[in-house]
Protein chains: 4
Amino acid sequence: MTPGELAAKAALTRPRIADEREAEILDAAVRVLAKVGYDRLTMDQVAAEAHASKASLYRHWSSKAELVVDAISKAKGLPQKAPNTGSLRGDLMATWCGHQNSHQSLPVSVTSGLMSAMHADDELATAFRERFLNPRRTEWRKVGERARERGEIADGVDIELVLTLLPALCSHYGVVLGKQLDQAFIERLIDEVVVPVAQRTSSPERGSGEAIS
Amino acid sequence: MTPGELAAKAALTRPRIADEREAEILDAAVRVLAKVGYDRLTMDQVAAEAHASKASLYRHWSSKAELVVDAISKAKGLPQKAPNTGSLRGDLMATWCGHQNSHQSLPVSVTSGLMSAMHADDELATAFRERFLNPRRTEWRKVGERARERGEIADGVDIELVLTLLPALCSHYGVVLGKQLDQAFIERLIDEVVVPVAQRTSSPERGSGEAIS
Amino acid sequence: MTPGELAAKAALTRPRIADEREAEILDAAVRVLAKVGYDRLTMDQVAAEAHASKASLYRHWSSKAELVVDAISKAKGLPQKAPNTGSLRGDLMATWCGHQNSHQSLPVSVTSGLMSAMHADDELATAFRERFLNPRRTEWRKVGERARERGEIADGVDIELVLTLLPALCSHYGVVLGKQLDQAFIERLIDEVVVPVAQRTSSPERGSGEAIS
Amino acid sequence: MTPGELAAKAALTRPRIADEREAEILDAAVRVLAKVGYDRLTMDQVAAEAHASKASLYRHWSSKAELVVDAISKAKGLPQKAPNTGSLRGDLMATWCGHQNSHQSLPVSVTSGLMSAMHADDELATAFRERFLNPRRTEWRKVGERARERGEIADGVDIELVLTLLPALCSHYGVVLGKQLDQAFIERLIDEVVVPVAQRTSSPERGSGEAIS
DNA sequence: CAATAAACGAGACGGTACGTCGAGTCTTCCT
DNA sequence: AGGAAGACTCGACGTACCGTCTCGTTTATTG
């Protein structure tokens with residue numbers, strides 16, 4: 001295919017609306033991410049996958065890390081909403097047990113890839129927390145509030161802390177310890193960690209009641 | 001100091017014994033690591049810091065990640081032994097509350113830096129687990145066993161799981177959420193997470209008793 | 001002035017007649033050319049200077065080089081007519097000694113800038129010769145013919161060759177050798193090169209009489 | 001061919017002496033230059049042609065223009081010495097009539113390519129004059145001195161000026177006017193320009209005797 | 001105690017990806 | 001309708017770092 005033909009095809013597929021183009025690029029980034037992981041993802045690859053140019057990528061995102069943060073935050077195909085199954089246990093399972101399919105495992109894989117960059121670049125870390133984590137925390141908070149209403153999280157137990165347990169343990173077991181995160185394992189974590197913490201009845205002398213973070 | 005003088009000094013201080021030289025290089029790596037973090041650490045920097053050549057580094061370690069794994073695993077100045085304060089709470093505090101000094105915070109910072117590489121390189125991940133994690137797990141297991149003897153970890157509760165909670169939460173809060181890990185916070189995690197999990201009396205139907213990982 | 005105000009002003013001053021607009025753009029190109037030279041001139045700069053869009057530039061000229069050729073050929077403010085001072089020496093001085101002012105030095109500077117492009121693009125070279133050089137050669141020929149009538153160019157001496165000497169030497173000394181082309185130097189070239197060649201009395205066996213080029 | 005095999009081959013062909021490597025790269029640059037001209041020459045192309053990396057090119061030369069200047073200045077295969085045929089006419093012919101073969105026409109082609117860059121970058125212009133022009137001027141000066149001893153350049157005529165005529169006219173006719181520089185044409189220039197200027201007997205009132213440049 | 005082999009410091013190198021810039025093309029919106 | 005605005009693709013630029021390699025020297029081990 002000659003450059004001219006490529007340009008022609010690009011012109012045909014180029015969306016009219018800038019936001020659509022952005023979404024297309026983010027989707028391409030997600031595809032590359034799923035294929036090769038964060039480290040081996042290159043900007044040229046993303047550009048080629050999106051039939052875009054590197055200049056366009058850098059017009060919208062100031063670095064590879066920024067692009068990836070946005071990609072996993074806003075790309076379609078990644079779940080945005082918290083489940084509501086009627087029990088805390090069910091909600092957690094619904095959220096954390098799709099890990100076998102590639103899309104769901106993506107965030108864990110990519111988060112670990114980003115951690116390194118986050119240490120080196122505070123701006124990026126902030127972007128990651130605001131664009132990726134905060135929207136999800138907002139969603140999860142609803143799960144936590146419903147659980148408290150049902151009595152699944154005892155009074156005096158920090159909801160945020162309860163909801164943070166599973167992500168923290170999953171990334172630790174998955175990435176650091178290299179464990180396969182199958183359904184049985186997630187269930188064990190829920191039963192042996194989340195539930196005991198959420199239903200803690202003992203009242204330690206210090207700290208209880210204050211929100212963490 | 002001119003390059004020539006540096007070389008002269010290096011020649012003078014060059015150790016006769018290979019193992020000492022290796023330790024010197026690992027220490028240099030730790031110093032650079034503490035200064036700039038995993039990402040911004042370059043092999044040239046380490047070589048310069050150790051008055052060594054890159055070739056020497058690659059003679060001993062096959063990659064940057066391998067070197068760093070070894071550096072945080074074996075460098076002197078990093079604590080190797082588990083504490084024994086007489087209580088689980090005290091042991092945990094002793095291990096996790098030195099974070100204000102640079103050496104103790106190092107593993108967390110570097111672990112996050114390595115996560116990316118671990119995903120891309122299984123061999124590295126294995127090396128990290130075997131050289132860094134396993135020795136520490138062996139040490140910590142003693143802490144866990146003493147705690148069980150004292151009744152601080154209930155029967156039927158997985159010791160490994162209990163001991164994994166704090167590292168998992170610390171790296172999550174510290175790296176992912178960007179939280180300052182001060183002493184008060186570590187205490188809260190111990191009181192509100194570790195203790196409830198360790199003393200869980202309820203007996204869930206499934207999974208309890210099997211060891212995790 | 002905000003971009004909006006600029007746009008408003010541009011709208012107000014936008015000419016109704018295409019040729020005027022073209023001339024405005026060419027003038028803008030000349031201004032940019034004088035400021036930064038051929039290499040550092042960018043189409044965006046010209047567009048901004050002319051309050052035009054790049055698309056408009058490419059509607060009229062197929063490339064940067066084409067635009068520049070046209071700019072130095074047709075822009076107002078650049079002398080179009082050959083002088084007539086009554087002597088060859090005077091005409092040459094009049095034409096080549098305005099070099100201190102920016103406009104006159106422009107062609108030399110730009111010609112050198114275009115040389116590279118001319119080698120790569122025959123179409124451009126042709127355009128440059130036809131649009132820029134030929135009109136000036138036509139003018140200069142009158143100078144030459146008047147000089148021959150006055151006996152300043154001997155019979156058997158190629159007029160074109162005589163008139164080519166000064167441009168060739170000026171561009172060589174100015175661009176290649178980096179010499180300042182002040183009035184005294186131009187006078188030396190006229191006295192020591194142009195005049196001897198024009199008044200050559202010796203009759204070489206070959207070639208004399210044929211026109212060069 | 002795998003990267004490993006490529007590396008192995010590179011190791012085999014890599015010269016032991018740095019200067020040899022430099023010469024190899026310069027030769028590669030000359031080959032690319034002859035193939036595609038200055039404008040279309042890219043650093044990647046030169047790197048590929050020399051089995052080198054771009055980084056290596058930039059270690060030795062700070063820009064494309066610097067590399068090309070060095071290439072045409074020092075590459076083997078380009079004549080360095082002035083001829084000595086016994087007559088000024090013969091020496092000039094020997095130097096300027098090899099233009100049909102690609103190597104000899106290279107300097108003219110490349111000089112024009114460099115002119116643009118020279119205007120934008122004074123450092124480059126200086127480098128070009130010092131590394132390329134000055135060595136050749138030194139050589140040519142011998143030609144001029146021999147010519148003066150033989151009486152081919154009259155007393156009071158600037159030798160430098162005489163020797164500059166042909167390069168100036170050749171580049172002007174060749175590049176600007178697009179003329180084919182065949183042997184007959186060079187002879188005409190010598191007979192009708194160089195000889196009259198060199199043998200000028202008339203003594204203009206000003207300037208004669210001082211050296212130009 | 002000299003000869004030899006191994007290991008080393010120094011640093012150039014090939015390769016790959018980065019982030020930037022300018023040319024020339026295209027669409028949208030405005031007048 | 002036609003132009004201004006400006007996003008877009010393409011391709012080259014110059015930079016940084018990794019891991020490999022060579023060179024000449026120093027250090028330890030043998031004959």
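These numbers come from the heavy atoms of this one structure, side chains and all, not from hydrogens, waters or symmetry mates. Numbers restart at 1 for each chain; the letters A, B, ... are given by sequence-line order, proteins then strands.
Taking only side-chain nitrogens and oxygens, H60(A) comes nearer than 4.0 Å to OP1 or OP2 of dC8(F). Residue R59(A) has a polar side-chain atom (N or O) positioned under 4.0 Å from OP1 or OP2 of dC8(F). A close approach under 4.0 Å does not occur between any side-chain nitrogen or oxygen of R21(D) and OP1 or OP2 of dC23(F). Residue S53(D) places none of its side-chain N or O atoms closer than 4.0 Å to OP1 or OP2 of dG15(E).
Taking atom CG of residue D44(B) and atom P of nucleotide dA12(E), one finds them 11 Å apart after rounding to whole Å. Taking atom CD of E24(D) as the reference point, atom P of dA12(E) lies 18 Å away to the nearest angstrom. With rounding to whole Å, E20(B) atom CD is found 15 Å from dT27(F) atom P. For H51(B) and dT25(F), the NE2 to P distance is 21 Å, given to the nearest whole Å. Whole-Å rounding puts the R40(A) CZ to dC18(E) P distance at 14 Å. Rounded to an integer number of Å, the gap from D39(A) CG to dC18(F) P is 13 Å. dG24(E) atom P lies 10 Å from atom CG of L67(C), rounded to whole Å. The separation between Q45(D) atom CD and dC13(F) atom C1' is 14 Å, rounded to whole Å.
Positionally, the nearest nucleotide of DNA chain E for S62(A) lies more toward the 5' end than for the other of K64(C) and S62(A). With the nearest nucleotide of DNA chain F identified for both A55(A) and Y58(D), A55(A) has the one nearer the 5' end. Of the two residues near DNA chain F, S56(A) and M43(B), the one whose nearest nucleotide lies more 5' is S56(A). Residue-to-nucleotide proximity on DNA chain E shows that, of A47(B) and A65(A), the 5′-proximal contact is made by A47(B).
Between E22(C) and D70(C), some side-chain heavy-atom pair lies under the 4.5 Å cut-off. With contacts defined as side-chain heavy-atom distances shorter than 4.5 Å, the pair V68(A)/W61(A) does not qualify.
The backbone N or O of D39(A) lies less than 3.5 Å from a partner atom in the side chain of K64(A), making a donor-acceptor pair.
Judged by distance alone with a 3.5 Å cut-off, no donor-acceptor contact links the side chain of K54(D) to the base of dG15(E).
L41(B) comes within contact range of the sugar-phosphate backbone alone, with a heavy-atom separation under 4.0 Å but no base atom that close. As judged by a 4.0 angstrom heavy-atom cut-off over every strand, S63(B) is placed among residues touching the sugar-phosphate backbone only.
The side-chain contact (heavy atoms from CB on, under 4.5 Å) test applied to S62(A) returns E66(A), not counting sequence neighbours.
Residue T42(B) has its side chain nearest to dC18(F) when only dT9(F), dA4(F), dC18(F) are considered.
Around CZ of R40(B), the count of heavy atoms belonging to other residues, nucleotides or ligands within 6.0 Å does not exceed 12.
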